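This one's a predicted model, so the numbers in the text were calculated from it and none came from an experiment.
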Amino acid sequence: MEEDGVKEEEEDYYLEEEDEGEEEPRPPLQQQQQVGVGLGRRGRAREEKERTKLRERQRRAITARILAGLRRHGNYNLRVRADINEVIAALAREAGWVVLPDGTTFPSSSSSSVSQPPPTHQQLQPGRPSIAAPPLPSSPAPPLRGISISPVAARPISSLRSSSSIRIISPPHALPDPLLSLPSMDTQEVPDLLPPRPPERDFAGTPYVPVYVMLPLGVVNGNGEVVDADVLVGQLRVLKAAGVDGVMVDCWWGNVEAHRPQEYNWTGYKRLFHMIRELKLKLQVVMSFHECGGNVGDDVSIPLPHWVTEIGRSNPDIYFTDRAGRRNTECLSWGIDKERVLQGRTGVEVYFDYMRSFRVEFDEYFEDGIISEIEIGLGACGELRYPSYPAKHGWKYPGIGEFQCYDRYLQKSLRRAAEARGHTIWARAPDSAGHYNSEPNLTGFFCDGGDYDSYYGRFFLNWYSQVLVDHADRVLMLARLAFEGSDIAVKVSGVHWWYKTASHAAELTAGFYNPCNRDGYASIAAVLKKHGAALNFTCVELRTMDQHEVFPEAFADPEGLVWQVLNAAWDAGIPVASENALPCYDRDGFNKILENAKPLNDPDGRHLLGFTYLRLTKVLFERANFLEFERFVKRMHGEAVLDLQCLSIQVGHKKM
């Protein structure tokens with residue numbers, strides 16, 4: 001670290017020598033009298049430039065020594081060119097505080113009982129060394145190196161909690177460094193750096209939108225046991241008291257049909273559902289036909305059933321495959337929907353048998369109305385999409401992803417489509433579509449005016465997206481048969497990065513044929529309408545401006561995407577629900593969800609069918625977080641909140 005600081009100083013030194021070594025050309029004698037004043041001004045400007053250089057070198061040297069000390073003696077994971085926000089965040093985490101990627105800072109539940117709150121300006125003693133940091137700006141601070149921040153999935157903006165295990169090792173005879181000390185300030189001298197909160201919309205009297213909370217992914221383990229059942233019951237009671245309508249539970253295929261085909265173990269889920277019914281909560285149940293682990297937010301590992309992975313060892317083409325031949329074991333390829341490769345059954349037959357078994361085992365919960373909705377898993381992460389951006393294959397936000405159609409079953413489907421079109425040469429995937437982390441403008445296929453809009457490109461993208469729609473059609477037809485008379489839903493992922501470009505590359509690789517000159521979600525809404533299924537869409541809490549501040553190069557527009565998808569569904573006449581893509585604890589995020597849930601001045605009075613909050617964690621129950629969440633639930637239910645009225649009074653007073 002010190003070497004880096006020295007290197008920067010040396011570079012400035014050599015630049016300075018070069019400046020001093022260049023002699024300014026002298027003007028002719030007859031011009032000197034005319035420009036005498038100008039020469040004086042240039043001399044003063046040069047002196048100011050030299051003083052600025054000196055201050056910058058001193059600043060860099062101080063920063064280099066601070067970071068070197070933290071890295072050497074405190075074992076802080078700071079990058080070489082860390083800025084002051086990262087230093088403050090690291091110190092706050094060491095002190096037991098939680099610092100979210102957007103800068104929101106609050107004491108953790110584990111430290112709040114043993115740590116004192118930070119001193120106010122009145123409590124700071126004059127002359128006592130302290131680290132006084134101004135309030136963090138509203139724009140998100142860059143994350144620390146070595147700490148994984150999720151993407152859109154990513155997505156990178158949201159409030160994932162980063163717990164630190166760093167311990168400070170004090171050097172011998174350590175003394176307070178005057179460089180880290182700032183004089184204490186009187187309260188009257190502290191400017192109000194936080195901008196006033198904008199007025200909030202009053203949702204009192206608006207339609208009632210139910211709120212559900214997702215339970216932990218591993219709430220039922222592989223042995224059929226409810227994990228930490230007593231703790232869970234206490235948490236559910238708190239949610240019930242806060243007005244939450246119900247919970248969402250993943251029923252993992254890999255747990256239930258783990259060892260042998262058509263041998264189902266629902267024991268753990270029976271106990272869990274009984275607990276939920278006793279607390280008079282509703283249930284949303286997900287038929288999770290994908291593996292858990294390796295995606296953003298996955299904290300447990302639940303693979304596909306053992307007997308399926310055994311088949312995959314001898315026939316890896318049952319999995320989605322990328323251009324390099326890498327298999328993605330997260331879910332089964334849609335190419336085997338009608339292929340009898342799963343011990344005599346096709347893919348859709350396996351899904352149907354599983355759903356039918358669930359319906360029989362939990363018949364009483366359907367009859368009593370405890371189960372309010374069944375969400376059908378249709379792809380990666382339980383969403384209707386190709387696994388086009390897998391982190392385990394090296395994808396990082398905001399990469400465009402890759403097409404996933406290289407298993408032999410989907411290749412056979414592509415050949416048939418090309419032959420039917422009369423162009424057998426088109427029986428191939430694009431060879432100029434880049435790789436997982438490419439940018440659209442650096443590829444021949446996705447760049448403006450690229451091959452995506454050629455005759456071949458339109459053929460391929462039509463086929464690729466139609467495979468997705470056909471898979472949804474086949475599985476939903478059987479789901480409607482298994483769950484006759486019950487509400488079913490499908491989750492569609494919010495691939496919002498590169499939305500402001502012409503090709504919408506990340507959406508194309510995920511299977512959504514939605515370039516700027518085509519509506520790629522109307523066909524999905526149509527197939528859901530055909531089977532009476534609701535659409536559950538993600539990323540309703542994200543704000544486009546936040547995305548632009550953190551990753552301007554991603555050309556993301558979550559607000560534009562949400563607006564397009566919600567209106568496509570409403571225009572098709574199907575109900576729409578939503579969930580947040582990333583953990584959300586702040587009022588601004590909740591307000592954004594409310595705005596999407598109940599659009600202002602909608603002439604048809606349209607609103608969301610329901611909202612599911614991701615996810616039940618200990619962080620949610622920290623006092624500040626839960627108060628905001630409880631307030632959000634009331635407003636989703638159309639109830640009045642007192643602090644909103646106080647805010648309105650303040651706003652009115654300012655106007656007066």
Before giving the answer on side chain to side chain contact (heavy atoms under 4.5 Å, CB included), spell out for Lys282 and Ile371 the whole-Å C-alpha distance, their side-chain angles and the decisive distance to 0.1 Å. CA-CA 6 Å; Lys282 298 287 187 180; Ile371 295 179; over 6 Å; no
Side chain to side chain donor-acceptor pair (under 3.5 Å), that's the test. Do Tyr264 and Arg260 meet it? Break it down for me. CA-CA 8 Å; Tyr264 308 103; Arg260 294 181 184 83; over 6 Å; no
Verdict with reasoning, Asn536 to Glu579, per side chain to side chain donor-acceptor pair (under 3.5 Å): CA-CA 7 Å; Asn536 183 15; Glu579 61 185 52; 3.1 Å; yes
Set out, in order, the CA-CA distance, both residues' side-chain angles and the distance that settles side chain to side chain contact (heavy atoms under 4.5 Å, CB included) for Tyr436 and Ser388, then state yes or no. CA-CA 8 Å; Tyr436 284 112; Ser388 57; 6.0 Å; no
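Every residue two or more places apart in sequence or in another chain that forms a side-chain contact (heavy atoms from CB on, under 4.5 Å) with Ala482 is listed here: Phe352, Met355. In terms of the side chain to side chain donor-acceptor pair (under 3.5 Å) criterion, residue partners of Arg340 (sequence neighbours excluded) are, by chain and number, Glu349. Residues satisfying the salt bridge (Lys or Arg N to Asp or Glu O under 4.0 Å) criterion with Asp473, sequence neighbours excluded, are Lys530. Not counting sequence neighbours, the partners of Ser288 by the side-chain contact (heavy atoms from CB on, under 4.5 Å) test are Asp250, Trp252, Val286, His290. The side chain to side chain donor-acceptor pair (under 3.5 Å) search around Ser372 returns Tyr212, not counting sequence neighbours.
Between the side chain of Arg480 and the backbone N or O of Gly532 there is at least one donor-acceptor pair closer than 3.5 Å. Checked by atom type and distance alone, the side chain of Tyr613 pairs as donor or acceptor with a backbone atom of Cys584 at under 3.5 Å. Of the possible polar contacts, none joining the Glu361 side chain to the Trp266 backbone as a donor-acceptor pair under 3.5 Å is found. For Asn462 (side chain) and Arg458 (main-chain N/O), a donor-acceptor pair under 3.5 Å exists by modelled atom type. Asn221 places a side-chain N or O within 3.5 Å of a backbone atom of Glu225 that can act as its donor or acceptor partner.
To the nearest 0.5 Å, atoms CD1 (Ile593) and CD (Glu541) are separated by 5.5 Å. Going from atom CD of Glu257 over to atom OG of Ser357 covers 8.5 Å, rounded to the nearest 0.5 Å. Rounding to the nearest 0.5 angstrom, the gap separating the CG atom in Asp470 from the CG atom in Leu468 is 9.0 Å. Once rounded to the nearest 0.5 Å, the distance linking CD of Glu373 with CD1 of Ile376 reads 9.0 Å.
Side chains of Arg385 and Val492 form no contact here, defined as non-hydrogen atoms less than 4.5 Å apart. Residues Ile488 and Glu375 fail the side-chain proximity criterion, which asks for heavy atoms closer than 4.5 Å. Here the side chains of Phe362 and Tyr269 are in contact, with some heavy-atom distance below 4.5 Å. Residues Tyr389 and Lys396 form no side-chain contact, since every pair of their non-hydrogen atoms from C-beta on lies 4.5 Å or further apart. Between Lys270 and His274 the shortest side-chain heavy-atom distance does not fall below 4.5 Å. Using a 4.5 Å cut-off on side-chain heavy atoms (C-beta onward), Phe537 and Leu561 make contact. In this structure, the side chains of Leu239 and Leu616 come closer than 4.5 Å at one or more pairs of heavy atoms. The shortest distance between side-chain heavy atoms of Asn255 and Ile302 falls below 4.5 Å.
Among residues at least two apart or in separate chains, ring pair (Phe, Tyr, Trp, His ring centres under 6.0 Å) pairs with a member in residues 327-346 are Phe320-Trp334, Trp334-Tyr386, Trp334-His471.
Smallest separation of non-hydrogen atoms from Pro216 and Arg615: CA-CD, 4.0 Å.
Salt-bridge check for Glu339 with Lys412: passed, with a basic side-chain N closer than 4.0 Å to an acidic carboxylate O. Arg277 and Glu367 are not joined by a salt bridge, as no carboxylate oxygen comes within less than 4.0 angstrom of a charged side-chain nitrogen. Residues Glu310 and Arg313 are paired through a salt bridge, judged by an N-O separation under 4.0 Å between the basic side chain and the carboxylate.
Between the side chains of Asn315 and Tyr409, at least one donor N or O sits under 3.5 Å from an acceptor N or O. If you check the side chains of His637 and Tyr208, you find a donor sitting under 3.5 Å from an acceptor. Asn514 and Gln564 are linked by a side-chain donor-acceptor pair at a separation below 3.5 angstrom, with hydrogens and angles left out of the test.
Taking the six-membered ring where the residue is Trp, the centroids of Tyr464 and Phe403 are separated by under 6.0 Å. Under the 6.0 Å cut-off for aromatic ring centres, Phe289 and Tyr351 qualify, their centroids lying closer than that. Separation of the Tyr452 and Phe446 ring centroids does not fall under the 6.0 Å cut-off.
A side-chain contact (heavy atoms from CB on, under 4.5 Å) with Met636 is found for exactly one of Val211, Val244, Asp245, namely Val211. Of the candidates Ile276, Val226, Val247, Val226 is the only one forming a side-chain contact (heavy atoms from CB on, under 4.5 Å) with Leu232.
Tyr456 and Phe445 have perpendicular rings, their planes meeting at more than 60° on a 0 to 90° scale where under 30° would count as parallel.
No cation-pi contact links Arg421 to Phe459, judged by a cut-off of 6.0 Å to the six-membered ring centre and 45° from its axis.
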